[in-house]
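Below, all heavy atoms of this structure are taken into account, side chains as well, without hydrogens, waters or symmetry copies. Chain naming here is simple, since letters A, B, ... match the order of the sequence lines and numbering starts at 1 in each. All of these numbers come straight from a predicted model, not from anything done at the bench.
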Amino acid sequence: MPELPEVETLCRQLQRKICGHKILSSKVYDDKLANMKKIRGGKVIAVERKGKTIVISLDDDSSILIHLRMTGRLLWQDSPARPKHSRWRITFNDGNVFLVDPRRFATVKVEKTVTEKTVNDLLTGFDEKKFMETQARRKVNVKILLMDPKAIAGIGNIYACEILHKAGISPLRRASTLSVKEWKTVFSYAKRILKKGIEKRGTSISDWRDLYGCQGENQHDLKAYGQEGKSCSICGGTICRIKQGGRSTFYCPNCQK
DNA sequence: AGAACCGCCTGCTTGC
DNA sequence: TGCAAGCAGGCGGTTC
């Protein structure tokens, strides 16, 4: 599923591919996205990421906001032929961008362009002081907090598991029990792991692909997520799987305290 | 107010 | 082999 590194990968590819190009048409295949029929030929002036949202800014002072949720993908095709599970298409002079999304969770909307960065994005504008004041004392499990987009934008299940594993912190700890030093460790590893995910062009668990249909490489480097029953790369213990908030958490009970 | 839970969806895996 | 049930989960909304 697309998380911060996957969305960043798409944004970089889109920036190169469609920036400066005019939208020629918009075709909606899924009635849930009917509001996108109204798109008219603006020119793309920037493609940026805010958390996990893809922001395509147009020269008419509006922005297209795309959130891929679980199974959404963006696919470039020279041909306008509709791929399986595609829900929406925008056409440029040299090709098309399709929103492909089997489970139809992805959302798209058009809004007036906003310039200020109000998103708590770890890599582009994280307010650590504010986080420590408003989030760090919460009683929810630390893993739930890492996945809360109002607390930190961009971290999903896979990277939350990886970050806590590397930091040696149990996902079951309540956020309020972490020391300042432990938070520093979490932030440090979080940035490092997310940057590595971007370098590897994302984690191709299930059906993630980049704009050109290529897999990422990060799935080969996962140390916790999906590693149930395997030995821990840090201590040799056994990675186990539990449920938190209805989702799978993978961690090593031996070295994550 | 904050924590926990629900609903949206459908392809894939599992079990009989 | 075929079918049904179970599972996957980001995040906004609702309930406790």
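- Salt bridge status for Arg49(A) with Asp121(A): present, with a side-chain N to carboxylate O gap under 4.0 Å.
- Spacing between atom CH2 of Trp208(A) and atom P of dG10(C) amounts to 15 Å, rounded to whole angstrom units.
- The CG atom of Asp148(A) sits 9 Å away from the P atom of dC11(C) (whole-angstrom rounding).
- Not a single donor-acceptor pair, N or O on each side, falls under 3.5 Å between the base of dG9(C) and the side chain of Arg69(A).
- Not one side-chain nitrogen or oxygen of Arg103(A) sits closer than 4.0 Å to the OP1 or OP2 atom of dG9(C).
- Atom pair Ile152(A):CD1 and dG10(C):C1' shows a separation of 15 Å (rounding to whole Å applied).
- Residue Ser248(A) is in sugar-phosphate contact alone, with no base atom involved, counting any heavy-atom pair closer than 4.0 Å across all strands shown.
- Computed from coordinates, the Lys143(A) NZ to dG9(C) P distance equals 8 Å when rounded to whole Å.
- In summary, the side chains of Ser57(A) and Thr113(A) do not present any donor paired with an acceptor at a separation below 3.5 Å, with no hydrogens or angles considered.
- Between Asp148(A) and Arg138(A), at least one side-chain N (NZ, or NE/NH1/NH2) sits under 4.0 Å from a carboxylate O, which counts as a salt bridge.
- Heavy atoms of Tyr225(A) sit under 4.0 angstrom from primed sugar atoms or phosphate atoms, though from no base atom.
- Among the protein residues, Lys32(A) comes within range of the sugar-phosphate backbone only, with heavy atoms under 4.0 Å from sugar or phosphate atoms but none that close to a base.
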Got a list of side-chain donor-acceptor pairs under 3.5 Å for residues 183-200 of chain A, not counting sequence neighbours?
residue: Lys184(A); atom: NZ; partner: Glu128(A); partner atom: OE2; Å: 3.1
residue: Thr185(A); atom: OG1; partner: Lys181(A); partner atom: O; Å: 3.0
residue: Lys200(A); atom: NZ; partner: Asp221(A); partner atom: OD2; Å: 3.2

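- Residues in residues 23-39 of chain A take part in these salt bridge (charged side-chain N to carboxylate O under 4.0 Å, His left out) pairs, two or more places apart or across chains: Asp30(A)-Arg87(A), Asp30(A)-Arg104(A).
- In this structure, Arg104(A) reaches the sugar-phosphate backbone alone: every heavy-atom distance under 4.0 Å involves primed, P, OP1 or OP2 atoms, never a base.
- The nucleotide range of DNA chain B contacted by chain A, defined by atoms under 4.0 angstrom from heavy atoms of the protein and reported 5' to 3', is dA3(B) to dG11(B).
- In this structure, Arg89(A) fails the cation-pi test against Tyr29(A), since its NZ or CZ atom is not both closer than 6.0 Å to the six-membered ring centre and inside 45 degrees of the ring normal.
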Trace of the side-chain contact (heavy atoms from CB on, under 4.5 Å) decision for Cys240(A) with Phe250(A): CA-CA 6 Å; Cys240(A) 72; Phe250(A) 297 87; over 6 Å; no

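- The separation between Leu145(A) atom CG and dG10(C) atom P is 15 Å, rounded to whole Å.
- Here the P atom of nucleotide dC16(C) and the NZ atom of Lys139(A) are 22 Å apart, to the nearest Å.
- Following rounding to the nearest Å, Glu3(A) (CD) and dG10(C) (P) show an atom-to-atom distance of 6 Å.
- Nucleotide dC11(C) holds its P atom 11 Å from the CG atom of Asn157(A), rounded to whole Å.
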